[in-house]
Amino acid sequence: KKKIAVMTSGGDSPGMNAAVRAVVRTGLHYGCDVYAVYEGYEGLLRGGDLLKKMSWEDVRGWLSEGGTLIGTARCMGFRQREGRKQAAGNLITEGIDALVVCGGDGSLTGADLFRSEWPSLVQELVKDGKFTAEQVAPYRNLTIVGLVGSIDNDMSGTDSTIGAYSALERICEMVDYIDATAKSHSRAFVVEVMGRHCGWLALMAGIATGADYIFIPERAVPHGKWQDELKEVCQRHRAKGRRNNTIIVAEGALDDQLNPVTANDVKDALIDLGLDTKVTILGHVQRGGTAVAHDRWLATLQGVDAVRAVLENTPDTPSPLIGILENKIIRMPLMESVALTKSVADAIESKDFDKAISLRDTEFIE
Ligand code: F6P
(Lines give C-alpha, C1' and ligand atoms only; values in the text may rest on other atoms or scores of the structure.)
Protein backbone atom coordinates (compact mmCIF):
# COMPACT_ATOMS: atom_id res chain seq x y z
CA LYS A 1 0.00 0.00 0.00
CA LYS A 2 1.38 3.41 -1.01
CA LYS A 3 2.16 5.61 1.98
CA ILE A 4 2.21 9.36 1.43
CA ALA A 5 3.15 12.06 3.93
CA VAL A 6 2.00 15.66 3.74
CA MET A 7 3.57 18.57 5.55
CA THR A 8 3.56 22.36 5.74
CA SER A 9 6.78 24.29 6.01
CA GLY A 10 8.08 27.86 6.30
CA GLY A 11 5.70 30.71 7.16
CA ASP A 12 2.09 29.56 7.48
CA SER A 13 -0.40 30.79 4.93
CA PRO A 14 -4.21 30.72 4.73
CA GLY A 15 -5.28 27.71 2.69
CA MET A 16 -2.59 25.36 3.93
CA ASN A 17 -5.21 23.43 5.89
CA ALA A 18 -7.34 23.08 2.77
CA ALA A 19 -4.28 21.66 0.98
CA VAL A 20 -3.59 19.13 3.74
CA ARG A 21 -7.25 18.15 3.80
CA ALA A 22 -7.27 17.59 0.04
CA VAL A 23 -4.10 15.49 0.12
CA VAL A 24 -5.39 13.38 3.01
CA ARG A 25 -8.79 12.73 1.46
CA THR A 26 -7.54 12.22 -2.09
CA GLY A 27 -4.87 9.83 -0.84
CA LEU A 28 -7.50 7.84 1.06
CA HIS A 29 -9.76 7.89 -1.98
CA TYR A 30 -7.00 6.24 -4.04
CA GLY A 31 -6.42 3.61 -1.36
CA CYS A 32 -3.20 5.05 0.11
CA ASP A 33 -2.21 5.54 3.73
CA VAL A 34 -1.71 9.23 4.39
CA TYR A 35 0.44 10.66 7.18
CA ALA A 36 0.66 14.26 8.36
CA VAL A 37 4.08 15.44 9.40
CA TYR A 38 3.57 17.80 12.34
CA GLU A 39 5.83 20.84 12.91
CA GLY A 40 7.34 20.97 9.41
CA TYR A 41 10.81 19.52 8.90
CA GLU A 42 11.21 19.36 12.67
CA GLY A 43 8.60 16.57 12.57
CA LEU A 44 10.54 14.65 9.93
CA LEU A 45 13.66 14.86 12.08
CA ARG A 46 11.99 13.82 15.30
CA GLY A 47 9.57 11.28 13.81
CA GLY A 48 7.47 9.24 16.26
CA ASP A 49 4.30 11.04 17.33
CA LEU A 50 4.97 13.83 14.87
CA LEU A 51 4.22 11.47 11.97
CA LYS A 52 0.52 10.88 12.37
CA LYS A 53 -1.60 8.57 10.24
CA MET A 54 -4.66 10.53 9.16
CA SER A 55 -8.25 9.47 8.71
CA TRP A 56 -11.02 11.11 6.69
CA GLU A 57 -12.50 12.62 9.88
CA ASP A 58 -9.19 14.07 11.06
CA VAL A 59 -9.42 16.89 8.54
CA ARG A 60 -13.11 17.67 8.92
CA GLY A 61 -13.79 21.42 9.06
CA TRP A 62 -10.26 22.34 7.97
CA LEU A 63 -11.33 24.42 4.95
CA SER A 64 -12.26 27.35 7.15
CA GLU A 65 -9.34 27.20 9.59
CA GLY A 66 -6.54 29.76 9.30
CA GLY A 67 -2.82 29.07 9.71
CA THR A 68 -1.67 25.47 9.56
CA LEU A 69 -3.16 23.01 12.03
CA ILE A 70 -0.30 20.53 11.61
CA GLY A 71 2.18 23.24 12.55
CA THR A 72 5.24 24.53 10.79
CA ALA A 73 8.75 25.52 11.81
CA ARG A 74 11.83 27.09 10.35
CA CYS A 75 14.05 24.07 11.08
CA MET A 76 17.85 24.41 11.20
CA GLY A 77 18.48 20.69 11.70
CA PHE A 78 17.09 19.77 8.27
CA ARG A 79 19.64 22.07 6.64
CA GLN A 80 22.36 19.64 7.80
CA ARG A 81 22.92 16.39 5.96
CA GLU A 82 22.91 14.55 9.29
CA GLY A 83 19.40 15.90 9.96
CA ARG A 84 18.18 14.77 6.56
CA LYS A 85 19.62 11.31 7.20
CA GLN A 86 17.67 11.12 10.43
CA ALA A 87 14.55 12.23 8.53
CA ALA A 88 15.08 9.51 5.92
CA GLY A 89 15.35 6.95 8.73
CA ASN A 90 12.08 8.12 10.27
CA LEU A 91 10.25 7.91 6.95
CA ILE A 92 11.55 4.42 6.24
CA THR A 93 10.53 3.31 9.73
CA GLU A 94 6.95 4.28 8.82
CA GLY A 95 7.26 2.90 5.28
CA ILE A 96 6.79 6.30 3.65
CA ASP A 97 8.52 7.17 0.37
CA ALA A 98 6.42 10.05 -0.95
CA LEU A 99 6.19 13.52 0.50
CA VAL A 100 3.90 16.39 -0.46
CA VAL A 101 5.38 19.63 0.84
CA CYS A 102 3.36 22.84 1.02
CA GLY A 103 5.69 25.78 1.59
CA GLY A 104 7.73 28.56 0.04
CA ASP A 105 10.71 28.28 -2.31
CA GLY A 106 13.23 27.64 0.51
CA SER A 107 11.18 24.74 1.88
CA LEU A 108 10.66 23.26 -1.57
CA THR A 109 14.35 23.53 -2.46
CA GLY A 110 15.13 21.66 0.78
CA ALA A 111 12.64 18.98 -0.22
CA ASP A 112 14.22 18.52 -3.62
CA LEU A 113 17.68 18.28 -2.10
CA PHE A 114 16.35 15.61 0.25
CA ARG A 115 15.04 13.68 -2.76
CA SER A 116 18.34 13.90 -4.63
CA GLU A 117 20.30 12.72 -1.59
CA TRP A 118 17.83 10.01 -0.66
CA PRO A 119 19.60 6.97 -2.23
CA SER A 120 22.91 7.83 -0.57
CA LEU A 121 21.23 8.65 2.76
CA VAL A 122 19.55 5.24 2.69
CA GLN A 123 22.84 3.51 1.93
CA GLU A 124 24.47 5.29 4.86
CA LEU A 125 21.64 4.22 7.15
CA VAL A 126 22.37 0.61 6.15
CA LYS A 127 26.10 1.14 6.71
CA ASP A 128 25.35 2.63 10.13
CA GLY A 129 23.46 -0.55 10.96
CA LYS A 130 20.09 1.22 11.36
CA PHE A 131 18.43 -0.95 8.70
CA THR A 132 19.30 -4.07 6.71
CA ALA A 133 19.61 -3.99 2.93
CA GLU A 134 16.39 -6.03 2.72
CA GLN A 135 14.52 -3.53 4.88
CA VAL A 136 15.42 -0.57 2.70
CA ALA A 137 15.07 -2.41 -0.63
CA PRO A 138 11.52 -1.11 -1.29
CA TYR A 139 12.57 2.51 -0.64
CA ARG A 140 14.95 3.20 -3.48
CA ASN A 141 13.56 6.62 -4.31
CA LEU A 142 11.74 9.40 -2.56
CA THR A 143 8.94 11.14 -4.43
CA ILE A 144 8.57 14.84 -3.71
CA VAL A 145 5.65 16.96 -4.89
CA GLY A 146 5.55 20.69 -4.12
CA LEU A 147 2.59 22.94 -3.43
CA VAL A 148 3.36 26.61 -3.01
CA GLY A 149 1.99 27.95 0.24
CA SER A 150 3.01 31.55 0.80
CA ILE A 151 1.27 34.88 1.22
CA ASP A 152 4.04 36.55 -0.81
CA ASN A 153 3.03 35.23 -4.28
CA ASP A 154 6.71 35.17 -5.08
CA MET A 155 7.06 31.86 -6.91
CA SER A 156 7.67 32.06 -10.65
CA GLY A 157 5.77 29.77 -12.96
CA THR A 158 2.50 29.86 -11.07
CA ASP A 159 -0.06 32.67 -11.10
CA SER A 160 -0.92 32.54 -7.43
CA THR A 161 0.44 30.86 -4.36
CA ILE A 162 -1.83 29.43 -1.69
CA GLY A 163 -2.57 32.24 0.79
CA ALA A 164 -1.69 35.26 -1.32
CA TYR A 165 -5.27 36.31 -2.08
CA SER A 166 -6.28 35.91 1.57
CA ALA A 167 -3.47 38.20 2.70
CA LEU A 168 -4.36 40.67 -0.05
CA GLU A 169 -7.97 40.69 1.09
CA ARG A 170 -6.90 41.29 4.69
CA ILE A 171 -4.62 44.16 3.65
CA CYS A 172 -7.38 45.82 1.63
CA GLU A 173 -9.78 45.56 4.54
CA MET A 174 -7.21 47.15 6.86
CA VAL A 175 -6.43 49.95 4.40
CA ASP A 176 -10.16 50.69 4.11
CA TYR A 177 -10.31 51.04 7.91
CA ILE A 178 -7.28 53.29 7.86
CA ASP A 179 -8.77 55.41 5.06
CA ALA A 180 -11.83 56.23 7.19
CA THR A 181 -9.80 57.67 10.03
CA ALA A 182 -7.28 59.25 7.63
CA LYS A 183 -10.03 61.15 5.79
CA SER A 184 -11.50 62.31 9.08
CA HIS A 185 -8.21 63.99 10.04
CA SER A 186 -6.98 64.82 6.51
CA ARG A 187 -3.97 62.67 7.25
CA ALA A 188 -1.48 60.71 5.20
CA PHE A 189 -0.87 57.06 6.10
CA VAL A 190 2.10 54.99 5.14
CA VAL A 191 1.16 51.30 5.29
CA GLU A 192 3.91 48.70 5.27
CA VAL A 193 2.89 45.29 3.97
CA MET A 194 4.70 41.94 3.87
CA GLY A 195 5.99 40.11 0.82
CA ARG A 196 9.65 39.63 1.64
CA HIS A 197 11.48 40.39 -1.67
CA CYS A 198 8.32 40.47 -3.73
CA GLY A 199 6.09 43.47 -4.40
CA TRP A 200 2.93 41.61 -5.39
CA LEU A 201 0.97 42.20 -2.17
CA ALA A 202 1.88 45.90 -2.11
CA LEU A 203 1.13 46.40 -5.78
CA MET A 204 -2.21 44.62 -5.79
CA ALA A 205 -3.29 46.21 -2.51
CA GLY A 206 -2.34 49.62 -3.88
CA ILE A 207 -4.41 49.08 -7.01
CA ALA A 208 -7.35 47.66 -5.07
CA THR A 209 -7.47 50.51 -2.56
CA GLY A 210 -6.57 53.39 -4.87
CA ALA A 211 -3.33 54.27 -3.11
CA ASP A 212 -1.47 57.44 -4.09
CA TYR A 213 1.89 55.74 -4.40
CA ILE A 214 3.32 52.22 -4.09
CA PHE A 215 6.88 51.20 -3.30
CA ILE A 216 8.00 47.72 -4.43
CA PRO A 217 11.43 46.07 -4.84
CA GLU A 218 11.01 45.34 -8.56
CA ARG A 219 10.31 48.95 -9.53
CA ALA A 220 13.07 50.59 -7.51
CA VAL A 221 12.65 54.35 -7.12
CA PRO A 222 15.44 56.78 -8.08
CA HIS A 223 17.83 57.31 -5.22
CA GLY A 224 17.54 60.80 -3.68
CA LYS A 225 14.82 61.81 -6.16
CA TRP A 226 11.82 59.72 -5.23
CA GLN A 227 10.92 62.08 -2.40
CA ASP A 228 10.17 64.91 -4.82
CA GLU A 229 8.09 62.69 -7.07
CA LEU A 230 6.14 61.35 -4.13
CA LYS A 231 5.44 64.85 -2.85
CA GLU A 232 4.34 66.01 -6.28
CA VAL A 233 1.92 63.08 -6.66
CA CYS A 234 0.40 63.53 -3.20
CA GLN A 235 0.05 67.27 -3.72
CA ARG A 236 -1.62 66.72 -7.08
CA HIS A 237 -4.12 64.32 -5.55
CA ARG A 238 -4.86 66.76 -2.72
CA ALA A 239 -5.38 69.55 -5.24
CA LYS A 240 -8.03 67.35 -6.89
CA GLY A 241 -9.92 67.19 -3.62
CA ARG A 242 -8.52 64.09 -1.92
CA ARG A 243 -8.70 64.42 1.87
CA ASN A 244 -6.14 61.74 2.66
CA ASN A 245 -3.12 60.01 1.21
CA THR A 246 -2.35 56.31 1.26
CA ILE A 247 1.13 55.08 0.49
CA ILE A 248 1.76 51.34 0.40
CA VAL A 249 5.33 50.24 1.06
CA ALA A 250 6.42 46.65 0.48
CA GLU A 251 8.67 45.50 3.30
CA GLY A 252 11.37 44.74 0.69
CA ALA A 253 11.09 48.11 -1.14
CA LEU A 254 14.34 49.51 -2.50
CA ASP A 255 15.75 52.51 -4.28
CA ASP A 256 17.78 52.02 -7.44
CA GLN A 257 21.01 51.90 -5.44
CA LEU A 258 19.55 49.00 -3.49
CA ASN A 259 19.03 51.00 -0.30
CA PRO A 260 15.89 49.94 1.57
CA VAL A 261 13.01 52.39 1.42
CA THR A 262 11.25 52.10 4.75
CA ALA A 263 7.86 53.32 5.87
CA ASN A 264 9.63 55.86 8.08
CA ASP A 265 11.66 57.21 5.14
CA VAL A 266 8.38 57.76 3.33
CA LYS A 267 6.82 59.35 6.40
CA ASP A 268 9.73 61.81 6.67
CA ALA A 269 9.18 62.93 3.08
CA LEU A 270 5.48 63.49 3.68
CA ILE A 271 6.05 65.38 6.91
CA ASP A 272 8.44 67.55 4.95
CA LEU A 273 5.51 68.33 2.69
CA GLY A 274 3.55 69.47 5.73
CA LEU A 275 1.22 66.46 5.89
CA ASP A 276 0.12 65.04 9.22
CA THR A 277 1.49 61.52 8.62
CA LYS A 278 1.18 58.21 10.45
CA VAL A 279 2.80 54.84 9.82
CA THR A 280 0.96 51.53 10.16
CA ILE A 281 2.94 48.31 9.91
CA LEU A 282 0.33 45.63 9.31
CA GLY A 283 2.56 42.72 10.37
CA HIS A 284 1.16 39.27 10.96
CA VAL A 285 -2.55 40.20 10.84
CA GLN A 286 -2.19 39.92 7.08
CA ARG A 287 -1.04 36.30 7.39
CA GLY A 288 -3.63 35.09 9.88
CA GLY A 289 -7.34 34.53 9.61
CA THR A 290 -9.34 32.22 7.42
CA ALA A 291 -8.63 31.70 3.75
CA VAL A 292 -10.69 33.44 1.08
CA ALA A 293 -12.58 31.22 -1.37
CA HIS A 294 -9.83 31.54 -3.99
CA ASP A 295 -7.22 30.03 -1.69
CA ARG A 296 -9.59 27.28 -0.55
CA TRP A 297 -10.37 26.01 -4.02
CA LEU A 298 -6.82 26.54 -5.25
CA ALA A 299 -5.44 24.49 -2.36
CA THR A 300 -8.08 21.82 -2.85
CA LEU A 301 -7.55 21.37 -6.60
CA GLN A 302 -3.79 21.44 -6.16
CA GLY A 303 -3.91 18.98 -3.26
CA VAL A 304 -5.89 16.56 -5.42
CA ASP A 305 -3.37 16.90 -8.24
CA ALA A 306 -0.43 16.49 -5.84
CA VAL A 307 -1.64 13.00 -4.92
CA ARG A 308 -2.18 12.13 -8.57
CA ALA A 309 1.34 13.38 -9.31
CA VAL A 310 2.71 11.14 -6.54
CA LEU A 311 0.92 8.13 -8.00
CA GLU A 312 2.05 8.87 -11.55
CA ASN A 313 5.64 9.66 -10.59
CA THR A 314 8.51 7.61 -11.94
CA PRO A 315 12.07 7.70 -10.54
CA ASP A 316 13.28 9.84 -13.43
CA THR A 317 10.53 12.47 -13.42
CA PRO A 318 11.95 15.59 -11.78
CA SER A 319 10.03 16.65 -8.65
CA PRO A 320 6.89 18.41 -9.85
CA LEU A 321 5.51 21.65 -8.53
CA ILE A 322 1.74 22.02 -8.76
CA GLY A 323 0.86 25.47 -10.00
CA ILE A 324 -1.94 27.37 -11.67
CA LEU A 325 -1.58 29.09 -15.04
CA GLU A 326 -4.45 30.82 -16.79
CA ASN A 327 -6.94 29.07 -14.55
CA LYS A 328 -5.60 25.60 -15.18
CA ILE A 329 -3.88 23.48 -12.58
CA ILE A 330 -0.49 22.61 -14.02
CA ARG A 331 2.65 20.69 -13.10
CA MET A 332 6.12 22.01 -13.74
CA PRO A 333 9.57 20.88 -12.65
CA LEU A 334 9.99 22.25 -9.15
CA MET A 335 13.61 23.24 -9.55
CA GLU A 336 12.88 25.13 -12.79
CA SER A 337 10.39 27.23 -10.91
CA VAL A 338 12.85 27.80 -8.06
CA ALA A 339 15.57 28.82 -10.55
CA LEU A 340 13.20 31.27 -12.25
CA THR A 341 12.27 32.73 -8.88
CA LYS A 342 15.93 33.15 -8.02
CA SER A 343 16.58 34.89 -11.33
CA VAL A 344 14.22 37.69 -10.24
CA ALA A 345 16.26 38.20 -7.06
CA ASP A 346 19.46 38.15 -9.15
CA ALA A 347 18.06 40.75 -11.54
CA ILE A 348 17.22 43.05 -8.63
CA GLU A 349 20.63 42.46 -7.10
CA SER A 350 22.29 43.49 -10.35
CA LYS A 351 20.00 46.55 -10.60
CA ASP A 352 18.35 45.26 -13.77
CA PHE A 353 14.86 46.28 -12.68
CA ASP A 354 13.29 45.99 -16.14
CA LYS A 355 14.36 42.37 -16.22
CA ALA A 356 13.02 41.80 -12.70
CA ILE A 357 9.66 43.18 -13.78
CA SER A 358 9.48 41.12 -16.95
CA LEU A 359 10.42 37.98 -15.01
CA ARG A 360 7.71 38.63 -12.44
CA ASP A 361 5.27 38.21 -15.26
CA THR A 362 2.71 40.56 -13.73
CA GLU A 363 1.45 42.75 -16.50
CA PHE A 364 0.21 45.43 -14.10
CA ILE A 365 3.73 46.24 -12.88
CA GLU A 366 4.67 47.87 -16.18
O1 F6P B 1 7.00 34.52 3.62
C2 F6P B 1 5.92 34.93 4.38
C3 F6P B 1 6.28 36.07 5.30
O4 F6P B 1 5.12 36.46 5.99
C5 F6P B 1 6.96 37.26 4.63
O6 F6P B 1 6.04 38.10 3.98
C7 F6P B 1 7.65 37.89 5.80
O8 F6P B 1 8.77 38.61 5.38
C9 F6P B 1 8.05 36.72 6.65
O10 F6P B 1 7.22 35.63 6.25
C11 F6P B 1 7.93 36.92 8.12
O12 F6P B 1 8.40 35.80 8.75
P13 F6P B 1 8.20 35.48 10.30
O14 F6P B 1 6.76 35.14 10.51
O15 F6P B 1 9.11 34.34 10.58
O16 F6P B 1 8.55 36.74 11.04
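Ligands are counted one by one from 1 in listed order, and the atoms in each one are counted from 1 as well. Residue numbers run from 1 in the order of the sequence given. Everything quoted here is computed from the prediction, not taken from an experiment.
The protein heavy-atom contact nearest to atom 1 (O) of ligand 1 is D152 OD2, 2.7 Å.
Here atom 16 (O) of ligand 1 lies nearest to H284 when heavy atoms of R196, H284, R287 are compared.
No salt bridge links K225 with E229; every basic N to acidic carboxylate O contact stays at or beyond 4.0 Å.
A donor and an acceptor atom, one from each side chain of D212 and T246, are nowhere located under 3.5 Å apart. Between the side chains of T143 and N313, at least one donor-acceptor pair of N or O atoms lies under 3.5 Å.
Residue G195 has at least one N or O atom closer than 3.5 Å to an N or O atom of ligand 1.
Residue contact annotation: G104 has no non-hydrogen atom under 4.0 Å from ligand 1.
Listed by number with element, the atoms of ligand 1 under 4.0 Å from a non-hydrogen atom of E251 are 5 (C), 6 (O), 7 (C), 8 (O). Residue R74 has at least one heavy-atom neighbour below 4.0 Å for each of these atoms of ligand 1: 10 (O), 12 (O), 13 (P), 14 (O), 15 (O).
Using the six-membered ring where Trp is involved, W226 and F215 have ring planes that are perpendicular, over 60° apart on the 30 and 60° scheme.
Aromatic ring centres of F114 and Y41 lie farther apart than the 6.0 Å criterion allows.
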